[in-house]
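Given the structure is predicted, the values throughout are model-derived calculations rather than measurements.
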Amino acid sequence: MINIVFQTIFQEESGLGAWNRRWCSVQDNKIYYWLYPEDEVNQNKEPHGEIDLRKCKNEQVSIASRLDCARPNTFVLILLTAAQPGDRTSIITESNGKTTQTKYMLAADSKEERKQWMEVLNKCLQSIHSWNH
C-alpha cells in the first residue's frame, strides 16, 4: 500500500513544538518521511524519519480534537513502545519507565486529502490488528 504526498507533521524541536512539512510515503506498515520529494526518489537517501504503524495504539486514525490542535485537517496517531534508556516525557511523548507513548499529529492540505490518508492508514491498521489477533 503506497500513498505519497506532502503532510505537515507536528514534531518536537529543542523542547518546543513545530509543524514541519514532509514528503510522506506509506509502505510496509510504516509512514516514511523525507525533507523533499527528490530525497524519496534517490534510493541512497535514508528517510528523515518513520512512524511504525505496527506500534500504533489506536485501532483507527482519528481526527484531532480542537482542544489538542486548532489546525484543520489534522489526524492523530498514538504509538506505544517499550521504554528505552533516555526516553523522557515531553510535548509529544509520555514515558513511565516501562512504556513510551508518542502522539503524532499530521495535517493534510485539504479535507479530501485528510480523508484519503485516514482511509489508507485505517486499512493498514485494520490489517495489522487482524494479523495480531
Within this structure, what is the OH-NE2 distance for the pair Tyr32 and His48, rounded to the nearest 0.5 Å? 15.5 Å
Cluster link Val41 to Trp23, ILVMFWY, side chain under 4.5 Å: no
Ser62 side, atom OG; Asn122 side, atom CG - distance, nearest 0.5 Å: 9.0 Å
Co-membership, hydrophobic cluster, residues Val120 and Leu77, 4.5 Å side-chain: yes
Within a strict 4.5 Å, meaning less than it, do heavy atoms of the Asp87 and Thr93 side chains meet? no
Atom CD1 of Ile31 and atom CG of Leu121: how far apart are they, to the nearest 0.5 Å? 4.5 Å
Holding to side-chain hydrogen bond (donor to acceptor under 3.5 Å, both in side chains), I want the full list of residues that pass it with Asn58, two or more places apart in sequence or in another chain. none
Connected via hydrophobic side-chain network under 4.5 Å: Ile51 and Ile92: no
Any chance NZ of Lys30 has more than 12 other-residue heavy atoms, nucleotides or ligands included, within less than 6.0 Å? yes
I'd like to know whether Arg22 forms a side-chain contact (heavy atoms from CB on, under 4.5 Å) with Leu35, so could you lay out the CA-CA distance, the side-chain angles of the two residues, the decisive distance to 0.1 Å, and finally the verdict. CA-CA 5 Å; Arg22 300 290 185 241; Leu35 299 178; 3.1 Å; yes
Heavy-atom closest pair, residues Tyr33 and Gln11: OH-NE2, 3.3 Å
Please determine whether the number of non-hydrogen atoms from other residues, nucleotides or ligands lying under 6.0 Å from atom OH of Tyr36 exceeds 12. no
Charged N-O contact under 4.0 Å between Arg54 and Asp52: yes
Test item: Ser127 side-chain N/O and Lys123 main-chain N/O as donor-acceptor pair under 3.5 Å: no
Hey, are Glu12 and Arg88 close enough for a salt bridge, meaning a charged N less than 4.0 Å from a carboxylate O? yes
Closest non-hydrogen contact found for Arg71 with Ala107 is CD-CB, 3.4 Å
Would you indicate whether the side-chain heavy atoms of Trp19 and Met105 approach each other to under 4.5 Å? yes
Nearest 0.5 Å, please: how far is CD in Glu13 from CD1 in Ile91? 10.0 Å
Give a yes or no on whether Gln60 atom CD has more than 12 heavy-atom contacts from other residues, nucleotides or ligands under 6.0 Å away. no
Looking only at heavy atoms, what is the nearest atom pair of Ala83 and Thr100, with distance? CA-OG1, 3.6 Å
Would you indicate whether the side-chain heavy atoms of Asn20 and Ile9 approach each other to under 4.5 Å? no
Please say yes or no: joined through hydrophobic side-chain contacts below 4.5 Å, possibly via intermediate residues, are Leu79 and Ile128 part of one cluster? yes
Measure the spacing between NZ of Lys103 and CG of Asp68 and express it to the nearest 0.5 Å. 3.0 Å
Could you tell me whether the side chain of Cys124 reaches within less than 4.5 Å of the side chain of Val26, counting heavy atoms only? yes
Would you mind checking if Lys115 and Glu119 are paired as a salt bridge, meaning a charged N to carboxylate O distance below 4.0 Å? no
Kindly write out the residues that satisfy side-chain contact (heavy atoms from CB on, under 4.5 Å) with Gln7, not counting sequence neighbours, or none if the list is empty. Val5, Cys24, Phe75, Leu106, Ala108, Glu113, Trp117
Lys/Arg-Asp/Glu bridge criterion (N-O < 4.0 Å) met for Arg21, Asp109: yes
Spacing of Lys111 atom NZ and Ile63 atom CD1 [to the nearest 0.5 Å]: 8.0 Å
Donor-acceptor pair, side chain of Thr99 and main chain of Thr81, under 3.5 angstrom: no
Which heavy atom in Val76 sits nearest to a heavy atom in Val61, and how many Å separate them? O-CG1, 3.8 Å
